[in-house]
Amino acid sequence: MTVAVLWFRKSLRLHDNGALTWACSSDEVDSILPIFIFDEEELRGEGGGLGFNRLNFISQSLRDLDNRLSDNLGLRLRIFSGNYLEVLGNIRQHLEGEKICLAYEYCSEPRLRNSEVTLEDWSRISDDFRTKSFPARHTLLDIEEVVGSKEFKKPKSMKDMEIIFRRHLDVNSLGFYDVGDPLPVPNSSKSMNTVNLSGSVMEISDLESSIMRIYPGREDDVQYFTGGETEALERLREKVTDRVQFVNDFRKPKTVSTNSKDDPREPSTTGLSPYLSSGCLSARMLWRECEKSYLTGSHTKPPESLHGQMMFREMFYLLSRTVENWDSDVGNESCIEVEWDEFDREKITAWETGNTGYPYIDAMMRQLDKTGWMHHLGRHAVSCFLTRGQLWQNWTHGRDVFERKLLDSDWALNNGNWLWLAGVAPFSMPYYRIYNPCPDSKSSLNVETVNADFIRYWVPELRSFPSKYIFEPHLAPASVQRTSNCIIGEDYPLPIVDRKLSRKENLIRFKSSIQT
DNA sequence: GGATCCGTTGTAGCT
DNA sequence: AAGCTACAACGGATC
């Protein structure tokens with residue numbers, strides 16, 4: 001009798017799940033025990049744990065996963081909290097006398113790889129404990145295969161990525177890289193393992209109530225994105241499958257149009273990133289869905305296309321796997337040394353809470369806090385503002401805020417994007433390209449813009465402000481401030497820094513950092 | 001081997 | 001009102 005302990009880590013889904021498919025179809029497996037383990041750190045709340053939105057999203061994803069396991073396969077998900085090895089050791093004890101095979105998805109993050117070494121040791125010691133890992137379908141490429149190949153060189157640009165894709169993937173007759181078919185949701189008559197895990201298991205409802213305990217006062221927040229595979233597949237259909245023209249025309253935005261005009265919470269892009277990072281949606285499922293659209297006619301190409309966006313994602317996965325200290329500003333070959341100012345709590349807090357006095361920045365940061373999401377160009381603007389643009393603070397402080405709050409935050413990508421936007425990496429854009437925190441030149445001509453409404457929604461103090469002054473309300477005459485019911489300096493903060501002056505000074509400082 | 005080009009997405013000011 | 005130009009000017013790849 002072998003029990004397949006099916007460890008859900010990065011893929012909170014039934015489709016395209018190698019470990020699940022194996023457990024359902026293997027002759028050696030008699031019963032299945034699906035598990036998920038929270039790291040205690042993640043449930044620590046404001047003291048360094050995951051933010052409310054992320055936690056809630058994961059919790060919703062787990063509830064959906066449990067429902068789908070139950071509906072499709074008659075299985076139930078068991079949720080734990082604690083150190084991986086302790087939890088797994090505990091499960092192992094409870095299953096004493098049975099043959100165990102731990103089936104899991106391989107993860108390239110160092111934090112997660114460490115536990116694997118010990119697991120391998122366990123399986124060497126005992127015949128009753130085996131592990132079976134599956135190549136991550138979190139990415140299109142098999143990261144281990146690519147970084148292990150003789151020709152591998154760390155990619156620095158899209159050109160390099162084209163070479164890597166060509167080397168490791170076949171091109172099909174239609175000219176697309178063949179990423180392989182996503183695995184279907186498996187069928188199974190395997191039974192649920194009924195071992196009594198005596199109290200160490202968390203029910204989903206326990207998890208939900210502990211989230212509310214960790215973040216009191218947020219129970220009435222309506223989450224804009226709902227976690228889960230069901231929701232992911234629904235959004236995929238709505239935003240990709242059913243929008244052929246949008247997919248075929250997709251290119252990097254030339255102007256900053258952040259969110260949909262009808263709903264300032266709805267992204268103008270696909271909004272699928274939270275589902276990719278939590279593994280509610282498989283990357284190659286998305287890739288294939290884009291491909292279907294491309295078959296209907298002319299379409300954009302990498303790097304601008306949606307396929308191109310996904311190739312960047314692969315680049316950061318490859319780099320994060322091979323660059324030592326990827327998440328650090330020291331000992332990281334992808335990070336030049338810059339003498340950032342000392343940690344400035346006032347500046348960081350103003351930035352994090354959306355009180356810098358620059359409404360565009362503040363709107364973005366408040367949207368992040370409320371919804372867990374921000375448009376990618378907004379991310380550029382706020383991270384540039386915090387680092388080389390205006391506030392001259394170390395990028396790792398901003399990285400930490402994104403890590404806690406962004407629904408789609410992902411260790412490889414979050415660090416990669418900060419390295420890039422702080423201008424410290426070899427793959428960064430030229431450092432003298434600094435984003436304007438007040439980007440809409442039209443507003444000075446008193447033209448209504450999507451961004452003005454976006455700001456009014458997220459910074460309600462400025463609800464009645466005319467578009468002409470909405471990017472820099474402190475420049476509005478006192479009479480305008482009075483009629484708009486918002487006195488700058490009282491009802492909404494004055495700018496935390498002079499944006500033009502700090503830009504100029506920081507440009508000089510950055511230049512000298514490069515030359516030393 | 002020196003010149004030139006490029007880097008997924010710049011800004012400000014002028015006409 | 002869109003489009004041009006000047007700005008600033010790195011490092012690596014390529015020719």
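Quick note: numbers below take in every heavy atom, side chains included, and nothing from hydrogens, waters or symmetry partners. Every chain is numbered from 1, with letters handed out A, B, ... down the list of sequences.
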Novice: Heavy atoms only, 4.0 Å cut-off, all strands: where does A:Phe312 land among base, sugar-phosphate and nothing?
Specialist: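 Base: the residue A:Phe312, judged by heavy atoms under 4.0 Å, touches a nucleobase.
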
Novice: Take atom CG of A:Asn436 and atom P of B:dG13, then tell me their distance rounded to the nearest Å.
Specialist: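 About 10 Å, once rounded to whole Å.
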
Novice: Supply the atom-to-atom distance A:Asn355 CG to A:Met365 CE, rounded to the nearest 0.5 angstrom.
Specialist: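 If we round to the nearest 0.5 Å, A:Asn355:CG and A:Met365:CE are 10.5 Å apart.
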
Novice: Among B:dT8, C:dC10, B:dT11, which is the nearest nucleotide to the side chain of A:Pro303?
Specialist: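 Side chain of A:Pro303 sits closest to B:dT8.
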
Novice: Using the C1' atoms only, state how far B:dG7 lies from C:dA8, rounded to an integer number of Å.
Specialist: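 The answer is 15 Å between these two C1' atoms.
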
Novice: Would you call the rings of A:Phe343 and A:His397 parallel, tilted or perpendicular, where under 30° means parallel and over 60° means perpendicular?
Specialist: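 Geometry flag for A:His397 against A:Phe343: perpendicular rings.
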
Novice: Keeping the roles fixed (side chain from A:Ser513, backbone from A:Val338), state whether a donor-acceptor pair exists under 3.5 Å.
Specialist: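 Not confirmed, A:Ser513 side chain does not pair with A:Val338 backbone.
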
Novice: Measure from CZ on A:Arg433 to C1' on B:dT9 and round the result to the nearest Å.
Specialist: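 My rounded result for the distance is 9 Å.
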
Novice: What's the gap between B:dC6 and B:dG10 when it is taken at their P atoms, as a whole Å value?
Specialist: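 Going atom to atom, P in each nucleotide, I get 15 Å.
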
Novice: Once you round it to whole Å, what is the distance between P of C:dA9 and CD1 of A:Ile434?
Specialist: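 Going from A:Ile434 (CD1) to C:dA9 (P), I get 10 Å.
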
Novice: Only one of A:Tyr294, A:Phe250, A:Phe165 forms a side-chain contact (heavy atoms from CB on, under 4.5 Å) with A:His307, so which one is it?
Specialist: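 With A:His307 as partner, A:Tyr294, A:Phe250, A:Phe165 yield a single side-chain contact (heavy atoms from CB on, under 4.5 Å), made by A:Tyr294.
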
Novice: What is the nucleic acid contact for A:Arg499, judged by heavy atoms within less than 4.0 Å: base, sugar-phosphate only, or nothing?
Specialist: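 The answer is sugar-phosphate, as A:Arg499 gets under 4.0 Å only of primed atoms, P, OP1 or OP2.
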
Novice: Answer yes or no: is there an ion pair linking A:Lys153 with A:Asp160, defined by an N-O contact shorter than 4.0 Å?
Specialist: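 Judged by the 4.0 Å cut-off on N to carboxylate O distance, A:Lys153 and A:Asp160 do not form a salt bridge.
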
Novice: Determine which bases of DNA chain B form Watson-Crick or G-U wobble pairs with both distances under 3.5 Å, and write the result as a 5' to 3' dot-bracket string with | for other-strand partners.
Specialist: .||||||..||||||

Novice: Out of C:dC10, B:dT9, B:dA12, which nucleotide sits closest to the side chain of A:Tyr431?
Specialist: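 For the A:Tyr431 side chain, the nearest candidate turns out to be C:dC10.
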
Novice: For A:His375 and B:dT9, give me the distance from atom NE2 to atom P, rounded to whole Å.
Specialist: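 From A:His375 NE2 to B:dT9 P: 15 Å.
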
Novice: Could you label the plane-to-plane angle of the A:Phe471 and A:Tyr360 rings as parallel, tilted or perpendicular, counting under 30° as parallel and over 60° as perpendicular?
Specialist: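 Judged by the thresholds at 30° and 60°, the geometry between A:Phe471 and A:Tyr360 is tilted.
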
Novice: Using nucleotides 11-15 of chain C, report all nitrogen or oxygen pairs with the protein that are shorter than 3.5 Å.
Specialist:
none

Novice: Under 6.0 Å between ring centres, would you say that holds for A:Phe385 and A:Tyr358?
Specialist: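 That pair passes the under 6.0 Å test.
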
Novice: If the C1' atom of B:dG1 is compared with that of C:dT14, how far apart are they to the nearest Å?
Specialist: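 Nearest-Å result for B:dG1 against C:dT14 at atom C1': 12 Å.
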
Novice: For the residue pair A:Ser409 and A:Asn414, confirm or rule out a side-chain donor-acceptor distance under 3.5 Å.
Specialist: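 Per modelled atom types, A:Ser409 and A:Asn414 side chains form no pair under 3.5 Å.
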
Novice: Expressed as a whole number of Å, how far does the P atom of B:dT8 sit from that of B:dT4?
Specialist: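 Those two atoms are separated by 23 Å.
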
Novice: Measure the distance from OH on A:Tyr432 to P on B:dG10 and round it to the nearest whole Å.
Specialist: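 After rounding, the gap between these two atoms is 11 Å.
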
Novice: Between A:Asp408 and A:Ser273, does any side-chain donor sit less than 3.5 Å from a side-chain acceptor?
Specialist: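 Checked: A:Asp408/A:Ser273 side chains pair up, N/O donor to acceptor below 3.5 Å.
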
Novice: Atom CG of A:Leu421 to atom C1' of B:dT8: distance rounded to whole Å?
Specialist: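 Those two atoms, CG and C1', are 11 Å apart.
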
Novice: Just the rounded figure in Å: distance from P of C:dA8 to CD1 of A:Ile508.
Specialist: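 Whole-Å distance recorded here is 10 Å.
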
Novice: In whole Å, I'd like the distance from the CZ atom of A:Arg503 to the P atom of B:dT11.
Specialist: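 Rounded to whole Å, this separation is 7 Å.
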
Novice: Mind checking whether A:His380 and A:Tyr435 have parallel, tilted or perpendicular rings, split at 30° and 60°?
Specialist: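 Aromatic pair A:His380/A:Tyr435 classed perpendicular.
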
